[in-house]
Undergrad: 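Have a look at this one before I ask anything.
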Amino acid sequence: MEKDKLLLIDGNSIAFRSFFALHNSLSKFTNKDGLHTNAIYGFNKMLDNILAQYQPTAALVAFDAGKTTFRTKMFDNYKGGRSKTPPELSEQMPYLRELLTGYGIKSYELPDYEADDIIGTLSKEAEEQGYSVTIVTGDRDLTQLSSDKTTVAVTKKGVSEVEEYTPSYVEEKLGVTPQQIIDIKGLAGDTSDNYPGVTKIGEKTAIKLLKEYGSVETLYEHIDELKKSKMKEHLIEDREQAFMSKKLATIKRDAPVKISLQDINYEGKNEDFLINFYQKMNFKSFLSQMNQTAADVDEEIKFNILDEQNIEQLKNLPDEICFYLEMLDKNYHLSDFCGFVIGTPENIWVSDDIELLNNTVIKNLLGGSTTKVNLFDGKRTYVGLHRLGIELDNINFDILLQSYLLDTNDNSNDLGQLAHEHNYNQIDTDAEVYGTGAKRAVPETTILLKHLARKVKAIQVLGEQLQAELVDNKQEKLYWEIELPLSIVLAKMEISGIKVNSDRLHQMQSEFTERLAEIETDIYREAGEEFNINSPKQLGEVLFEKMKLPVIKKTKTGYSTAVDVLEKLQGESPIIDNILNYRTISKIKSTYVEGLLKVIHSNDQKIHTTYLQTLTQTGRLSSIEPNLQNIPIRIEEGKKIRQAFIPSHKGWHILSSDYSQIELRVLAHITGDKHLQEAFKNGEDIHSSTAIRIFGLKDASEVTPNIRRQAKAVNFGIVYGISDYGLSQNIGISRKDAKKFIETYFKEFPGVKKYIDSSVELAKEQGYVETISHRRRYLPDIHSSSFNLRSFAERTAMNTPIQGSAADIIKIAMINMEKELETRNLKTRMLLQVHDELIFEVPDEEMAEIKKLVPSVMDSAIKLDVPLKVETSWGNTWYDAK
DNA sequence: GCATGATGCTT
DNA sequence: CGGGAGCATCATGCG
């Protein structure tokens, strides 16, 4: 007969862990009533895993009964100073009980006792009756219950993974027996439960003492034998506290529990109940595991199917409408069109016949400036319509942009998902309707049309709601004057595209193929075998096992073979240089030569990137398919890639203008630091003047290239918000020295230090920081108890206004520049943006004008307390524009 | 087909 | 413990 297996779960602890494990995506886990569901979801995942793993015959979830227990009666301050349970978690607790009902697992609580004591009591009873017991908790203190019959499974970072504590594992991990855990607590106390222990004794000292004396009691019996010391005094002084703390830490094993093991047999879950519950909670993944689908969005939707006959009726639409053009492929430069919807929530018109868009009635609505158009992702829509010969004009609400400005995290490119994030649930996500990855496809016509119809109402409702929120946040200008106009500027740049000389790329391809083959032969000869050089795993085995080179660094999966490691091995063997060369060339060949060849449009020999305007946390753009913001420039071999980027007409040139030190200038402006401002106003070399200040030099004559390099790295660190550790890695110095550099920097530039402190303060007070254009970034981790998370949030608090304001400035410059090109009727086209740089193609007859115009528009985009400096160059290719 | 990890390019 | 962000490539292991 199979042994009886009891599962005991620490309900509060697991709920708490689940809640914080999914805290970042709190807003994604809500049902349509606005109930948060992240803790319930996490709890469910944990249950699924644990049940599958242990297959218990009996199970119980124990909860804490309330704030007062026998422990608070013993010690007033027990668990004092704990912050309140967040309301987003409390509201989930009743539903957790419902979840357990669905799983057929009883829950139990006992006045005056904690969940721990229920677990302690029942596990003892079960052990006596020959059960094997598993306890699941997020609290390591419960490992005191582990025994040869009882395993304590403590959740790791998520909640679905656990670490199993058996008595031998406790000893291995902590160096004491499970029974001695309470003695540790007695001596060291517990900060989270807020009881004291003995003054100045922490976990390490406690363990040392216990190894010698075994328990608190024995220790005090032999207290006189201790050598005279401060510690001895503290021990004697705090004797009472030690015994009390031990008692507080001790889990009761004889609590008056009124439920017996027979009452908690586990007989499996109630599927119907759970399906119902999941639908209420909107848990789609659990439903699909049970071969069920989410409940249909419950509001019926009325719409008309548009055709040639009834299209005239669109003329009755008011002067504010919604529009959505459906393209299933992420790349809207190439995607097929599969339908569209136009109208107002009261009057919705849908069709999968794209030809209808060419009707003048629709062209007038979308392109005439009298009708305001609300939509989701204006840039995408503009490009799509442009391909159909329609010029979109007069966008009003773009809910993707609005949502991103309100909170940079709410930026999904899926309308349904974005709607859910704002608690609008009368629409499914595109991922649900169309599928993802290889399975993505146009659904049945009725499903498609219904889904499209629902988009109109979502856009209208959210557009108005989000606009009101932008007004509250004082972010209207940012929306109307920067992001919305910028989206059209970007659309035009993407449509323009940049011409590529594919012959040049093919030429490089064969050149690199040949060189790689040569290096490859050398590497195989030096290794004594053939292997895949591109595989870090195989390469690691060759270098560190076969060739026995010293191991410098390890990764999660094995040996690190990254550049900094290989550079340290140079000289050990000629194979290293060959590998480094191989890496460089193979990177250029695969990512750039072949990568770019793949994305040239065959009809115009151009590359059309897609800018993501709503992705980064700082307000910067990003670029995909392909990424044109990381084309090589530092290494000459890679830089040659730029020779393939050429003007689209004969007799034109590529012109590039970049802001010099824009972030440091923004820093000088925002912080008001006198020294920094002075340096820029005097037109000094900023890295040299930084070097003079932080190294205490007399003047520029003492700045050596190496000193300047270090100062540059410090400036870099300030701008990118890196830590002392990051700085030390960048310039190969010790972390201590890096820390000293940063400290000296702050002493020399006190305005910067003051600014950083006030930024952190501000972030703590209001929960977010902002740029000069009121772009916001929320920093919830600023309150985190984790040093890492908190430190990162603190660096972000000062970095985001700097990097984000620089992003604001170039965005303004782009909008002004496009306006100038238009009003002056110029043929010059703005093609690319690379964070602090704009790239144009310019006909020769406009060159004289443009090379003055671009820098003047850029440096006057905004007025700062220090001047903005712009450097311009041009040539036949992007390479030559240097 | 898909997710994850290691690596390397830019600013 | 792991520390800038974002993109793309290749290898690898899973189903």
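This structure is a prediction, so every number in the text was calculated from the model and none was measured. All values below were derived from every heavy atom in this structure, side-chain atoms included, with hydrogens, water molecules and symmetry-related copies excluded.
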Undergrad: Within the structure provided, determine whether A:Tyr559 and A:Val565 are in side-chain contact (heavy-atom separation under 4.5 Å).
TA: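 Sidechains of A:Val565 and A:Tyr559: no contact.
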Undergrad: Scan A:Arg790 against the nucleic acid and name what it touches under 4.0 Å (heavy atoms): base, sugar-phosphate only, or nothing.
TA: nothing
Undergrad: Please determine whether any donor N or O and acceptor N or O are separated by less than 3.5 Å between the side chain of A:Asn630 and the base of B:dC9.
TA: yes
Undergrad: Does a side-chain N or O of A:Gln833 approach OP1 or OP2 of B:dT11 to a distance below 4.0 Å, or not?
TA: no
Undergrad: Nearest to the side chain of A:Lys537, heavy atoms from C-beta on, is which of B:dT11, C:dG6, C:dT12?
TA: C:dT12
Undergrad: Once you round it to whole Å, what is the distance between P of C:dG6 and CG of A:Asn627?
TA: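 Atom CG in A:Asn627 sits about 12 Å away from atom P in C:dG6.
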Undergrad: Classify A:Asn532 by what it touches in the nucleic acid, base, sugar-phosphate, or nothing, heavy-atom distance under 4.0 Å.
TA: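 Since only primed, P, OP1 and OP2 atoms lie under 4.0 Å of A:Asn532, the category is sugar-phosphate.
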Undergrad: Once the angle between the rings of A:His601 and A:His333 is folded into 0 to 90°, is it parallel (under 30°), tilted (30 to 60°) or perpendicular (over 60°)?
TA: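 Because their plane-to-plane angle is over 60°, the rings of A:His601 and A:His333 count as perpendicular.
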Undergrad: Measure the distance from CD on A:Glu636 to C1' on B:dC9 and round it to the nearest whole Å.
TA: 16 Å
Undergrad: Just checking A:Val834: base, sugar-phosphate only, or nothing, at a heavy-atom cut-off of under 4.0 Å?
TA: sugar-phosphate
Undergrad: Within the structure provided, determine whether A:Arg642 and A:Thr877 are in side-chain contact (heavy-atom separation under 4.5 Å).
TA: no
Undergrad: Distance under 6.0 Å and angle within 45° of the ring axis: does A:Lys639 meet both against A:Tyr879?
TA: yes
Undergrad: Counting side-chain heavy atoms from CB outward, which of B:dA6, C:dA5, C:dG6 is closest to A:Pro536?
TA: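 Looking only at side-chain atoms, A:Pro536 lies closest to B:dA6.
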Undergrad: Expressed as a whole number of Å, how far does the P atom of C:dG2 sit from that of B:dG5?
TA: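 Between the two P atoms, the distance is 13 Å.
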Undergrad: Regarding A:Asn715 and A:Thr690, do their side chains bring together a donor and an acceptor under 3.5 Å, going by distance alone?
TA: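 Side-chain D/A pair, A:Asn715 to A:Thr690: present.
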Undergrad: Among B:dT10, C:dC7, C:dG4, which nucleotide has an atom closest to any side-chain atom of A:Leu615?
TA: C:dC7
Undergrad: What do you reckon, is NZ of A:Lys606 surrounded by more than 12 foreign heavy atoms closer than 6.0 Å?
TA: yes
Undergrad: Where the side chain of A:Lys587 is concerned, which of B:dT10, C:dG6, B:dC9 is the nearest nucleotide?
TA: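 Out of B:dT10, C:dG6, B:dC9, the nucleotide with an atom closest to A:Lys587's side chain is B:dC9.
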Undergrad: Could you check which of C:dC10, C:dT12, B:dT11 has an atom nearest any side-chain atom of A:Ser590?
TA: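 Side chain of A:Ser590 sits closest to C:dC10.
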Undergrad: Around A:Lys589, counting heavy atoms of other residues, nucleotides and ligands shown, do more than 12 lie under 6.0 Å from its NZ?
TA: yes
Undergrad: With a non-hydrogen cut-off below 4.0 angstrom, is A:Glu594 in contact with a base, only sugar-phosphate, or nothing?
TA: nothing
Undergrad: Within less than 4.0 Å of OP1 or OP2 of C:dA5, is there a side-chain N or O belonging to A:Thr616?
TA: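 Indeed not, no polar side-chain atom of A:Thr616 lies that close.
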Undergrad: Whole angstroms only, please: what is the CD1-P distance between A:Ile579 and B:dG8?
TA: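 Whole-Å distance recorded here is 11 Å.
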Undergrad: Mind checking A:Tyr725 for me? I need base, sugar-phosphate or nothing, with any heavy atom below 4.0 Å counting as a touch.
TA: base
Undergrad: Tell me: OH of A:Tyr592 to C1' of C:dC10, nearest whole Å?
TA: 14 Å
Undergrad: Using a strict heavy-atom distance below 4.0 Å, which residues from residues 551-562 of chain A are in contact with DNA chain C?
TA: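 Contacts with DNA chain C under 4.0 Å: none.
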Undergrad: Distance check needed: C:dG4 C1' versus A:Gln729 CD, whole Å only.
TA: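 It works out to 14 Å between those atoms.
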Undergrad: Heavy atoms only, 4.0 Å cut-off, all strands: where does A:Glu663 land among base, sugar-phosphate and nothing?
TA: nothing
Undergrad: What is the distance from CG of A:Asn409 to P of C:dG6, rounded to the nearest Å?
TA: 11 Å
Undergrad: So what does A:Ser623 touch, heavy atoms closer than 4.0 Å: a base, only the sugar-phosphate, or nothing?
TA: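 Sugar-phosphate: the residue A:Ser623, judged by heavy atoms under 4.0 Å, touches backbone atoms but no base.
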Undergrad: Hey, does A:Arg620 reach any base, or is it just sugar-phosphate, or nothing, if we go heavy atoms under 4.0 Å?
TA: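 Touches a base.
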Undergrad: Using atom CD1 of A:Ile588 as one end and atom C1' of B:dT7 as the other, report the distance to the nearest whole Å.
TA: 14 Å
Undergrad: Rounded to whole Å, how long is the line connecting atom CZ of A:Phe716 with atom C1' of C:dG4?
TA: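 Distance check: A:Phe716 CZ to C:dG4 C1' gives 8 Å.
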Undergrad: Report the relative orientation of the aromatic rings in A:Tyr720 and A:Phe716; use parallel for angles under 30°, tilted for 30 to 60°, perpendicular for over 60°.
TA: perpendicular
Undergrad: Could a donor-acceptor pair under 3.5 angstrom be found where the side chain of A:Asn788 meets the base of C:dG2?
TA: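 Checked by distance alone, the answer is yes.
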Undergrad: Can you tell me if CD on A:Glu625 sees more than 12 non-hydrogen neighbours from other groups inside 6.0 Å?
TA: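 Buried by this count: over 12 neighbours within 6.0 Å.
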Undergrad: Given C:dC10, is OP1 or OP2 found less than 4.0 Å from the side-chain N or O atoms of A:Ser535?
TA: no
Undergrad: Among C:dA8, C:dA11, B:dT11, find the nucleotide with the atom closest to the side chain of A:Tyr720.
TA: B:dT11
Undergrad: Using a cut-off of strictly less than 4.0 Å, decide whether A:Arg795 has a side-chain nitrogen or oxygen near OP1 or OP2 of C:dG3.
TA: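 No, no such contact exists.
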